[in-house]
Amino acid sequence: MVDYEPRVVAMLCNYCAYSAADLAGVGRLQYPPNVRVVFYLCTGKVEIVHILKAFEAGADAVFVGG
Amino acid sequence: MIVAKRKPFKEIKESVSGANKILILGCGTCVAVCLAGGEKEVAILASQLRMALQLENQNVHIDELTIERQCDREFIEQINTSVNVDDYDLILSTACAAGVQLLSDVFDHKVVVPGLNTTFIGVAEGPGVWTERCRACSDCVLADTGGICPVTICAKGLLNGPCGGARNGKCEVDPEKDCAWVLIYNRLEKLGRLDKMKKIHAPKRYSVQEHPATIIHEAYKHRYTV
């Protein structure tokens, strides 16, 4: 379990979480490559099925930031 | 509209067991509006089923399709323009029970199972809330009751109410629910038609309720009668 690297799908809102991630990037802050960002214009648009599809595709966790 | 709710997942999973190729068929009318069996709900159910079956190492192929209406042959017959029904072992329908039955009639060589429990004829009260408004009694009394149905709303279905059990406008059967006849009285008072309260209704004409019922429009009778 020590080597367990969960694959995380991050669904991020353009106006807050994605901007924050962008800003972190500008500041040269690194985040682990096992986090895959999905850009949303607004996380209000996140549907249940989007989250289910992420799990179906093999994600271990879904992070919704909005 | 027809209001339905999804069956428990466990029941759905059991009903599709043994099938290797499944078509989940949604209906785009009533059950889509009540968030039970439209395109989105089909996608959610398909995703859940795929994951649940994969976890049991079952190699089951699941396709999704939603048609405009399953209670109309014209729409059902168009399914074959999108998919080949013969490719599937089983069709899981998320229509109301009427749709499920017509689907079974049209594809009578296929196993068709329901994904929903059809519940009532009702209205949308607000986002995500539906209430029953009609029991399809075939003998509407709304003209005399201020547009409030005692057959549906009154726990006892009384045509001449209220009974002696109303307390503070609530029903004695379920104090959480409004007394239909108090609602009717208040509505008739507002409409200036309280005289309607004095009308004695004869016992309900159950004889007009034909089961299973058939209606043939006057203009089409020549087609179906000899």
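Residue numbers start from 1 in every chain, and the chains themselves are labelled A, B, ... in the order their sequence lines are given, proteins ahead of strands.
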Could you tell me whether B/Leu142 atom CG has more than 12 heavy atoms of other residues or ligands within 6.0 Å of it?
-> yes
Take atom CZ of A/Phe39 as the centre, draw a 6.0 Å sphere, and report whether it contains more than 12 heavy atoms from other residues, nucleotides or ligands.
-> yes
Got more than 12 heavy atoms from elsewhere within 6.0 Å of NZ, B/Lys204?
-> yes
Hey, which residues of residues 39-77 of chain B are touching chain A, say heavy atoms under 4.5 Å apart?
-> B/Lys40, B/Ala43, B/Ile44, B/Ser47, B/Gln48, B/Arg50, B/Met51, B/Glu64
Might you confirm whether atom NZ of B/Lys177 has over 12 heavy atoms from other residues, nucleotides or ligands at distances under 6.0 Å?
-> no
CD1/B/Ile215: more than 12 non-hydrogen atoms of other groups inside 6.0 Å = no
Kindly check if the number of other-residue, nucleotide or ligand heavy atoms within 6.0 Å of CG (B/Asp108) is above 12?
-> yes
Flag yes if more than 12 heavy atoms outside B/Phe107 fall under 6.0 Å of its CZ atom; otherwise flag no.
-> yes
CD of B/Glu176: more than 12 outside heavy atoms within 6.0 angstrom?
-> no
Members of residues 51-65 of chain A whose heavy atoms come closer than 4.5 Å to chain B | A/Leu52, A/Lys53, A/Phe55, A/Glu56
